[in-house]
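Since the structure comes first, as structure tokens, the remarks are kept for the end.
Ligands are counted one by one from 1 in listed order, and the atoms in each one are counted from 1 as well. Throughout, numbering of the chain's residues begins at 1 and tracks the sequence.
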Amino acid sequence: MARAKVLVTRAWPAEVEARLAAGYDVTLNTSDTALTPAELVAAAADYDAILPTVTDRIGAEVFAGAPRLRILGNYGVGFSHIATDAARAAGVVVTNTPDVLSDCTADIAMTLILMAARRAGEGERLVRSGQWTGWRPTQLVGRKVSGAVLGIVGFGRIGQALARRAHHGFGMRVLVQNRSAVAPEVLAACGAEQVGTLDDLLPKVDVLSLHCPGGAANRHLIGAAALGRMKPDAILVNTARGEVVDEGALAEALAAGQIAAAGLDVYEAEPRVTPALMGMENVVLLPHLGSATHETRAAMGHRVVDNLDAFFAGKNPPDRVV
Ligand code: 8YV
């Protein structure tokens, strides 16, 4: 039987590329250049499987006509870059990679909390500039993280992993806002308390960390109105999806002192960042590093291939989202 034809849209960890090459008629992206929209449409006509990342906008046009494409094995847990309704209508299966990146993404959220609260980016820039004149009691004084109140929006696997770190490692009080009721034992495991609505949560927290899905439903969930309900000394952290935060409104809120600082790993139009944020000392900007460890990136790749193997063996892939 002919091997399934598989396209990998970006360069992946070598061990996973080798596993793919052993099982499939695979096309790798050795130059690691993002595909154009036209190349993605053409690929859907040529391949049984495409393995995209967050840098590939898989719009409805990819599913138009009668593509050869049968499965999209997304490399990543978030899939708001894929037009899932169009995939469903075309009978194309979509899978993602949950679990394996929860710890590392929670680590990056904690990194941003600490960097924003303790002014680590500013400090690093000061040292590198050669302008540091030595220790002073009033230099780069930030806010204490231990014991502060952390608000978590979206209490899935990553939100819970952050709550464990924050509560057990830093003695933070954790408040949670989630679409559905969270099981009492899940809350108890990290001393967390669920509040009713986002509006209830916002005025109560010293740090707000976002862990909900992206996409149309949560677009600009944190905009001018939400930012206006936060404390003036609060910190906003986003490791979820860029579209959850209205970047323009965030820049205005920071400039007006409505909130104190922000830490961002994701952006509305990656790799572009709202220019006003780029010049602000109280904003920490990371280049979408959430899952960027050797261990996790390999595990994500293997998770995609596990899904692919199940699909082409005629089984339901374990991480099927469409
Ligand atoms: C990935 C992420 O690296 O998994 C996700 O949703 O945001 C990142 O950790 C990225 O999406 C790769 O496609």
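- Partner of Arg10 under the side chain to side chain donor-acceptor pair (under 3.5 Å) criterion, out of Asp56, Thr53, Thr55: Thr55 alone.
- Note: no N/O pair closer than 3.5 Å links Thr105 and ligand 1 by distance alone.
- Given atom 12 (C) of ligand 1, the protein heavy atom at minimum distance is Tyr75 O, 3.0 Å.
- Ranking the protein heavy atoms by distance from atom 2 (C) of ligand 1 puts His288 NE2, 3.5 Å first.
- Considering backbone and side-chain atoms alike, Met300 places every N or O at 3.5 Å or more from each N or O of ligand 1.
- Considering only heavy atoms from C-beta on, Asp246 stays 4.5 Å or farther from Ile222 through its side chain.
- Using a 4.0 Å cut-off between charged nitrogen and carboxylate oxygen, Asp85 and Arg88 count as a salt-bridge pair.
- Any N or O atom pair closer than 3.5 Å counts here, and Ser291 shares at least one such pair with ligand 1.
- Under the 4.5 Å side-chain criterion, counting only non-hydrogen atoms from C-beta, Val153 is in contact with Leu201.
- Scanning the protein for heavy atoms near atom 10 (C) of ligand 1, the closest one is Val54 CG1, 3.9 Å.
- Remark: minimum distance from atom 4 (O) of ligand 1 to any protein heavy atom is reached at Val77 N, 2.7 Å.
- The Thr53 neighbourhood of ligand 1 comprises atoms 13 (O), with distances under 4.0 Å to a heavy atom of that residue.
- Those atoms of ligand 1 with a heavy atom of Arg241 less than 4.0 angstrom away are 2 (C), 5 (C), 6 (O), 7 (O), 11 (O).
- Inclusion of Gly76 in the set of residues having an N or O under 3.5 Å from an N or O of ligand 1 is not warranted.
- Less than 4.0 angstrom separates some heavy atom of Arg297 from each of these atoms of ligand 1: 3 (O).
- Between Trp12 and Val304 the shortest side-chain heavy-atom distance falls below 4.5 Å.
- Every atom of ligand 1 with a heavy atom of Gly78 under 4.0 Å away is listed here by number and element: 4 (O), 5 (C), 6 (O).
- For Met172 against Val145, the heavy-atom pair with the smallest separation is CG-O, 3.6 Å.
- Sparse packing is recorded around CZ of Arg118, with 12 or fewer heavy atoms of other residues, nucleotides or ligands lying under 6.0 Å away.
- Counting non-hydrogen atoms of neighbouring residues, nucleotides and ligands closer than 6.0 angstrom, the CZ atom of Arg125 exceeds 12 such neighbours.
- Residues Ile71 and Val92 are not in side-chain contact: their nearest non-hydrogen atoms beyond the backbone lie 4.5 Å or more apart.
- Contact annotation: for Leu101 versus ligand 1, heavy atoms closer than 4.0 Å belong to the side chain alone.
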